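One structure is given here, and the rest of the page talks about it.
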Amino acid sequence: MKAQLKYSFKKEKALFVRRYHLLGMLLGIFGFAIMNPLLCKAMDSMMKIANEMEFPTQTAAVSMASGGVSGAAGLESMMSMFQSASFSLGYTFSQIISYSLLIIMLVTRSAAGGEQRKRTMIVPMCSGLQYKNYLIPKFVIYPLSTLVLTFLGGMMAGGFCNALFTVDRVSFDMIAFGSLIMAVYCAFIITIYLALGVCTSRPGLMTGAVYLGQMILPSFLDAMGLSDYQPFMLVSAASSMFMLGKEYGLSDRLPSILTAMGLCVVISVLMYFLARGVLGAKKIDNTEEDKPAF
């Protein structure tokens with residue numbers, strides 16, 4: 001029993017490194033953590049240049065007559081947003097959740113049902129490898145790696161934003177809490193992806209289904225009045241707490257956020273048992289001797 005589990009962990013860790021799963025996750029998370037603050041800084045510089053440009057008097061008069069005052073106010077508002085470390089961090093977190101999750105799912109398809117689809121586990125299973133020993137390493141290595149790397153990526157993004165912008169800098173504890181929210185949610189989604197991929201042996205299909213589902217479900221739940229105390233609220237919480245600042249009301253929403261994070265952990269555990277149960281149900285018993293029909 002212990003030997004099987006040890007072998008499974010060794011095999012999964014080797015695949016995690018050799019099949020560039022780890023490299024893909026690193027690039028997908030840290031790439032956005034670095035590039036998005038730089039993009040916000042570039043937008044800030046471009047808006048400053050646009051604001052300093054001198055236009056002809058006639059063009060300015062036409063602009064004023066057609067509501068140019070509101071346009072100038074809008075430009076000033078956009079400039080203030082892209083000069084804010086807090087806004088830049090919230091924007092970066094939203095991009096990590098949107099795109100890094102997709103990259104992680106794409107690079108880990110072999111772990112999420114790809115082995116069953118290619119029938120590479122037939123011999124180990126026929127040799128007595130138990131389903132729980134096969135699944136435990138997957139549900140430990142990939143969600144835990146996502147959790148740790150996403151948290152570190154969030155901390156790195158916070159450091160970059162505070163270094164690039166002097167307005168609305170974010171405290172260390174707020175960066176850590178926001179990174180934890182994002183990390184728990186990303187690990188939760190990867191756990192669901194692993195479970196559904198293993199259950200269906202269709203990792204490509206499940207990549208699209210899970211990615212689109214986690215984008216659509218928050219809006220659907222909001223429309224039903226279920227915007228609080230559920231895991232998908234963490235999508236907006238991780239970014240809105242920075243982009244909206246005090247208007248978000250973090251202290252009032254804290255019980256809802258903590259409950260949602262707890263539900264993520266509980267559902268993740270249940271997804272492991274779901275995958276284990278489905279694999280067990282698919283097993284065909286060939287031990288009984290076939291008898292002739294006549």
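This structure is a prediction, so every number in the text was calculated from the model and none was measured. Positions are given from 1 along the sequence.
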Practice task
State, with a plain yes or no, whether a side-chain heavy atom of S239 is found less than 4.5 Å away from one of I97.
Solution key: no

Practice task
May I have the step-by-step check of side-chain hydrogen bond (donor to acceptor under 3.5 Å, both in side chains) for N36 and T92, ending in yes or no?
Solution key: CA-CA 6 Å; N36 275 282; T92 301; 5.1 Å; no

Completion exercise
Between P231 and I267 the two heavy atoms that sit nearest each other are CG-CD1, 4.0 Å

Practice task
Find out if a path of hydrophobic residues (ILVMFWY) with successive side-chain heavy-atom gaps under 4.5 Å connects M206 to L106.
Solution key: yes

Handout entry: Pairing residues for L221 by the side-chain contact (heavy atoms from CB on, under 4.5 Å) criterion, not counting sequence neighbours
Key = L226, Q230, F232

Practice task
List in chain and number order the residues that pass side-chain contact (heavy atoms from CB on, under 4.5 Å) with L244, two or more places apart in sequence or in another chain; answer none if no residue qualifies.
Solution key: S240, E247, Y248

Exercise for the section: Quick one: pull up OG in S219 and CE in M224 and give me the separation to the nearest 0.5 Å. Expected result: 13.0 Å

Exercise for the section: Enter the distance from T259:OG1 to L234:CG here, rounded to the nearest 0.5 Å. Expected result: 10.0 Å

Problem - Within-4.5 Å side-chain heavy-atom neighbours: S179 and I175 - result: yes

Exercise for the section: Using atom types as modelled and distance alone, determine if a side-chain donor or acceptor of H21 lies under 3.5 Å from a backbone N or O of V107. Expected result: yes

Handout entry: Validation row: V210, L101 side chains within 4.5 angstrom (heavy atoms)
Key = no

Exercise for the section: Taking side-chain contact (heavy atoms from CB on, under 4.5 Å) as the test, write out the residues that go with L147, two or more places apart. Expected result: L144, A183, V184, A187

Fill in the blank from the handout: Here the gap from L194 atom CG to I141 atom CD1, rounded to the nearest 0.5 Å, amounts to 10.5 Å

Practice task
Starting at OG of S100, measure out to CE of M105 and round the result to the nearest 0.5 Å.
Solution key: 10.5 Å

Exercise for the section: Only pairs at least two apart or in different chains count here, so list each side-chain hydrogen bond (donor to acceptor under 3.5 Å, both in side chains) that has a residue in residues 147-160. Expected result: none

Practice task
Check whether any side-chain heavy atom of I257 lies under 4.5 Å from a side-chain heavy atom of F177, and answer yes or no.
Solution key: yes

Handout entry: Any residue meeting ring-ring contact (aromatic ring centres under 6.0 Å, His included) with Y99, in chain and number order, not counting sequence neighbours
Key = F32

Check residues 154-167 and write down every donor-acceptor pair under 3.5 Å in which the side-chain atom is one partner and the other belongs to a residue at least two apart or another chain.
unit_1: N162; atom_1: OD1; unit_2: V170; atom_2: N; d: 2.9
unit_1: N162; atom_1: ND2; unit_2: V170; atom_2: O; d: 2.9

Problem - Qualifying residues under ring-ring contact (aromatic ring centres under 6.0 Å, His included), relative to F242, sequence neighbours excluded - result: F93

Exercise for the section: Find out whether Q95 and L39 are in side-chain contact, i.e. whether some heavy atom of one side chain is under 4.5 Å from a heavy atom of the other. Expected result: no

Practice task
Please report the shortest heavy-atom distance between G90 and M243, naming the atom on each side.
Solution key: CA-CG, 3.6 Å

Completion exercise
Distance col, row I34:CD1 vs I29:CD1, nearest 0.5 angstrom, shows 12.0 Å

Completion exercise
Grouping ILVMFWY residues whenever side-chain heavy atoms fall under 4.5 Å, the cluster of V266 otherwise contains L270

Practice task
Answer yes if V265 and F188 sit in the same cluster of Ile, Leu, Val, Met, Phe, Trp and Tyr residues linked by side chain heavy atoms under 4.5 Å apart, and no otherwise.
Solution key: no

Practice task
First locate atom CZ of R169, then atom OG of S86, and finally report the distance between them rounded to the nearest 0.5 Å.
Solution key: 13.0 Å

Practice task
Flag yes if L205 and V198 sit in one hydrophobic cluster, no otherwise; membership is Ile, Leu, Val, Met, Phe, Trp, Tyr, and two members link when side-chain heavy atoms are under 4.5 Å apart.
Solution key: yes

Handout entry: Residue pairs, two or more places apart or on separate chains, that pass ring pair (Phe, Tyr, Trp, His ring centres under 6.0 Å) and touch residues 201-226
Key = none

Problem - Minimum-distance pair of heavy atoms, taken over all atoms of L180 and F151 - result: N-CD1, 3.7 Å

Handout entry: Aromatic plane relationship, F87 with Y91 - under 30° parallel, 30 to 60° tilted, over 60° perpendicular
Key = parallel

Practice task
List in chain and number order the residues that pass side-chain contact (heavy atoms from CB on, under 4.5 Å) with D228, two or more places apart in sequence or in another chain; answer none if no residue qualifies.
Solution key: M233, R253, S256

Practice task
Would you kindly confirm whether V140 and V269 end up in one hydrophobic cluster when ILVMFWY residues are joined by side chain heavy atoms under 4.5 Å apart?
Solution key: yes

Exercise for the section: Please report the shortest heavy-atom distance between A275 and L135, naming the atom on each side. Expected result: C-CD1, 3.9 Å

Fill in the blank from the handout: Applying ring-ring contact (aromatic ring centres under 6.0 Å, His included) to Y193 and not counting sequence neighbours gives none

Exercise for the section: Indicate yes or no for a side-chain donor-acceptor contact from K138 to the backbone of A111 under 3.5 Å, with no hydrogens or angles considered. Expected result: yes

Exercise for the section: Take atom CE of M261 as the centre, draw a 6.0 Å sphere, and report whether it contains more than 12 heavy atoms from other residues, nucleotides or ligands. Expected result: yes

Problem - Residue list, ring-ring contact (aromatic ring centres under 6.0 Å, His included) with Y272, at least two apart or on another chain - result: F139

